[in-house]
Amino acid sequence: MKFKKPRGTQDLLGKYMEKWSSVEERITGILRSYGYLEIRTPIFEVSDLFVRTVGESSDIVTKEMYMFKDKKGRRLTLRPENTAPVMRAYLENGLQRQGGISRFYYMGPMFRYDRPQAGRYRQFHQIGAEAIGTSNPAIDAEIINLSMDIYRAFGFSSLQVRLNSVGCMKCRGEYMGFLREKLEEYKPELCDDCRQRTDTNPLRVFDCKTCVSVKEKLPTITDHLCEECNEHFEKLCAILKQMGVDFVIDPLLVRGLDYYTKTAYEIVCPELGAQNALCGGGRYDGLASELGGVSIPAVGFSAGMERLMQILPDELDKSETTMTRAYFVVFDDKCSIQAMVLADRLRSAGFVAYVDFSMRSIKKQLKSASTRGYDYAVFVGQKEIEDKEVTLKNMESGDQVTVSFEKLVSYFSEKGVVGIE
RNA sequence: GUGGGCGUAGUUCAGCUGGUAGAGCCCUGGAUUGUGGAUCCAGUUGUCACGGGUUCGAAUCCCGUCGUCCACCCCA
């Protein structure tokens, strides 16, 4: 074959796709139970939207954006993240005039031109939520609890929440100045990268794995928060404790995107290897004004689909009910036409019906029915057409019965749904 | 963008210090002329990633490209 999928992308199919969509369904169920409503924004946006909000010097902007020009020369980019687009949509649609809090959830592909590795793709998928319109720390707690609920729903009880406050424009600025001074002091002990970071983004020094001894001597942001930020942080911690959400304060947690203020958090899973963040989020009170609107506070998170899939077992226990599935085994054209008519009746009654037109041997067709996991094989052959009945085979027990064409649907209805455990 | 491992059948892999390609699974047919999940028998499957070099001879050694995996940077 001549063509291959582009680097860092993947085909979702078969059992994996089944698992994927049932995971999506379970998550959106939780999001909806919190009253979040779905929002879908374009896959691409004007490049400036990301350049301005994510940060000129960020890795995303400097090397990871899929940027292109359309036929009119407009600079567009495939979205690398979805918080800015959601805020853009909020403002563009005038939702701030509705007052109160707008709660959205989204899911879909994001694009970053990174080097692929375990748990990292160029096209990857995120499910996230944004709560726009209040600076009340209670909603930060709601967001954190909501994201934890997602993992709890899949049976993860011991994932760790790492929490920090990165301050606001004001106190972070002051703190950064102070941090730079300290870094200058320790400059001889720093690695080359960290010397560079001292100027470009001093907070990143905390992420460095070599300058461990220096890090311990550096002032942490949590000790330099302004009163407002400090109060916000303390209230949030108190609410989380009351809700019984376990968390660890990590003053070294820094989020890569510029628009974060105050709350920053991450849910990590040690089993994942180098890319161990399952979910990241925080508050971004400065984003709306950056987009040219009024200042509007907001919090949100986004969770990586691929990474969740990776830690989930292949077979999820199906709590949702599945309809009985019938596989029609046919022998010739006449049989298949009759089978289509019968299959349609079953479908209108809400069952799944599949007609095998391959004309292969019975053996093959039955084999196919069982590997595809059908509950019943329905034989429609010469004999059956003459007697106006089908032979029904229960694929699990192997038992067979004959049922007239007329009674087929009612037979299935009486059996009801299967798959409830 | 940087570093390392790996590219052989649809798939998972074997193939020694160079001598002309193999196994399991899958698939197809049969034992069972209209009955799956078990067993047995038979059969098909290849640009050895691509391009160049060394050699009488390269899947094997060397170089380059591409892909893939892992790590760094960074992030979901």
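Chain letters run A, B, ... following the sequence lines, proteins first, then strands; residues in each count from 1.
- In the set B:rA76, B:rG34, B:rC73, B:rA76 carries the atom at the smallest distance from any side-chain atom of A:Ser302.
- Remark: the separation of the C1' atoms in B:rG43 and B:rC26 is 14 Å, to the nearest Å.
- Here A:Gln310 lies out of heavy-atom contact (under 4.0 Å) with every strand.
- Residue-level contact check: A:Gly8 touches the backbone only, with heavy atoms under 4.0 Å from sugar-phosphate atoms and none from bases.
- Counting any heavy atom pair closer than 4.0 Å across all strands shown, A:Met395 reaches a base atom.
- Pair assignment for B:rG1 gives B:rC72, based on Watson-Crick or G-U wobble hydrogen-bonding distances that are each under 3.5 Å.
- Within 4.0 Å of A:Gln365, counting heavy atoms only, lies no atom of the nucleic acid at all.
- Under 4.0 angstrom from either OP1 or OP2 of B:rG34 there lies no side-chain N or O belonging to A:Gln382.
- For the atom pair OG (A:Ser368) and NZ (A:Lys363), the distance works out to 14.5 Å, reported to the nearest 0.5 Å.
- Rounded to an integer number of Å, the gap from CD of A:Glu64 to P of B:rU2 is 15 Å.
- Residue A:Phe379 and nucleotide B:rG34 are not classified as a stacked aromatic pair, given the requirement of ring centres less than 5.5 Å apart at an interplanar angle below 30°.
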Output, in order, the C-alpha distance, side-chain angles, deciding distance and verdict of ring-ring contact (aromatic ring centres under 6.0 Å, His included) for A:Tyr327 and A:Tyr376. CA-CA 6 Å; A:Tyr327 190 106; A:Tyr376 287 92; over 10 Å; no
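- Distances from the side chain of A:Lys367 to the nucleotides B:rC27, B:rG1, B:rU35 place B:rC27 closest.
- Across all strands shown, A:Gly398 has heavy atoms under 4.0 Å from base atoms, whether or not it also approaches the sugar-phosphate.
- At least one side-chain nitrogen or oxygen of A:Arg7 sits closer than 4.0 Å to the OP1 or OP2 atom of B:rU68.
- Here A:Gln400 lies in heavy-atom contact (under 4.0 Å) with a base.
- In this structure, A:Gln10 places its CD atom 9 Å from P of B:rC69, rounding to the nearest Å.
- Taking the ring centre of A:Tyr113 as origin, the terminal cationic atom of A:Arg122 falls inside the region bounded by 6.0 Å and 45° from the ring axis.
- Note: A:Tyr36 and A:Tyr105 fail the aromatic proximity criterion, with ring centroids not under 6.0 Å apart.
- At the phosphate of B:rG29, OP1 or OP2 sits under 4.0 Å from a side-chain N or O atom of A:Lys364.
- Backbone-only contact: A:Ala118 has heavy atoms under 4.0 Å from sugar-phosphate atoms and none from a base.
- Of the listed nucleotides (B:rC69, B:rU35, B:rA76), B:rU35 has the atom at the smallest distance from the side chain of A:Lys393.
- Backbone-only contact: A:Leu278 has heavy atoms under 4.0 Å from sugar-phosphate atoms and none from a base.
- Whole-Å rounding puts the A:Asp114 CG to B:rG3 C1' distance at 16 Å.
- Counting any heavy atom pair closer than 4.0 Å across all strands shown, A:Ala303 reaches no nucleic acid atom.
- In terms of phosphate contacts, A:Gln117 brings a side-chain nitrogen or oxygen within less than 4.0 Å of OP1 or OP2 of B:rA71.
- The NZ-P distance, from A:Lys363 to B:rC27, rounds to 12 Å in whole Å.
- In a base pair of the Watson-Crick type (N1 to N3 plus N6-O4 or O6-N4) or a G-U wobble (N1-O2 and O6-N3), with each distance short of 3.5 Å, B:rG57 is matched with no nucleotide.
- The side chain of A:Arg307 approaches B:rA76 more closely than any other nucleotide in the set B:rA76, B:rG1, B:rG34.
- Nucleic acid contact for A:Glu384: base, since at least one base atom lies under 4.0 Å from a heavy atom of the residue.
- The side chain of A:Lys383 has B:rG34 as its nearest neighbour among B:rG36, B:rA76, B:rG34.
- Not one N or O on the side chain of A:Thr9 forms a donor-acceptor pair closer than 3.5 Å with the backbone of A:Lys5.
- A salt bridge does not link A:Glu81 to A:Arg79: none of the charged nitrogens lies less than 4.0 Å from a carboxylate oxygen.
- Counting only distance, with no hydrogens or angles, the side chain of A:Gln160 and the backbone of A:Val248 share no donor-acceptor pair below 3.5 Å.
- Rounded to whole Å, atom P of B:rC75 lies 16 Å from atom OH of A:Tyr265.
- Comparing A:Thr9 and A:Cys279 along RNA chain B, the residue whose closest nucleotide (by nearest heavy atom) sits nearer the 5' end is A:Thr9.
- Spacing of C1' atoms, B:rG24 relative to B:rG15, comes out at 15 Å, to the nearest Å.
- Here B:rC73 presents its C1' atom at 13 Å from CD1 of A:Ile60, a figure rounded to the nearest Å.
- Using a cutoff of 4.0 Å between basic side-chain nitrogens and carboxylate oxygens, A:Asp399 and A:Lys393 are not scored as salt-bridged.
- Residue A:Arg115 has its side chain nearest to B:rU2 when only B:rC74, B:rA31, B:rU2 are considered.
- Under the Watson-Crick or G-U wobble criterion, with both distances below 3.5 Å, B:rA42 is paired with B:rU28.
- Backbone-only engagement by A:Arg360 is indicated by non-hydrogen atom pairs under 4.0 Å involving sugar-phosphate atoms exclusively.
- Shown here, B:rG67 forms a base pair with B:rC6; the pair counts as Watson-Crick or G-U wobble because both key distances fall under 3.5 Å.
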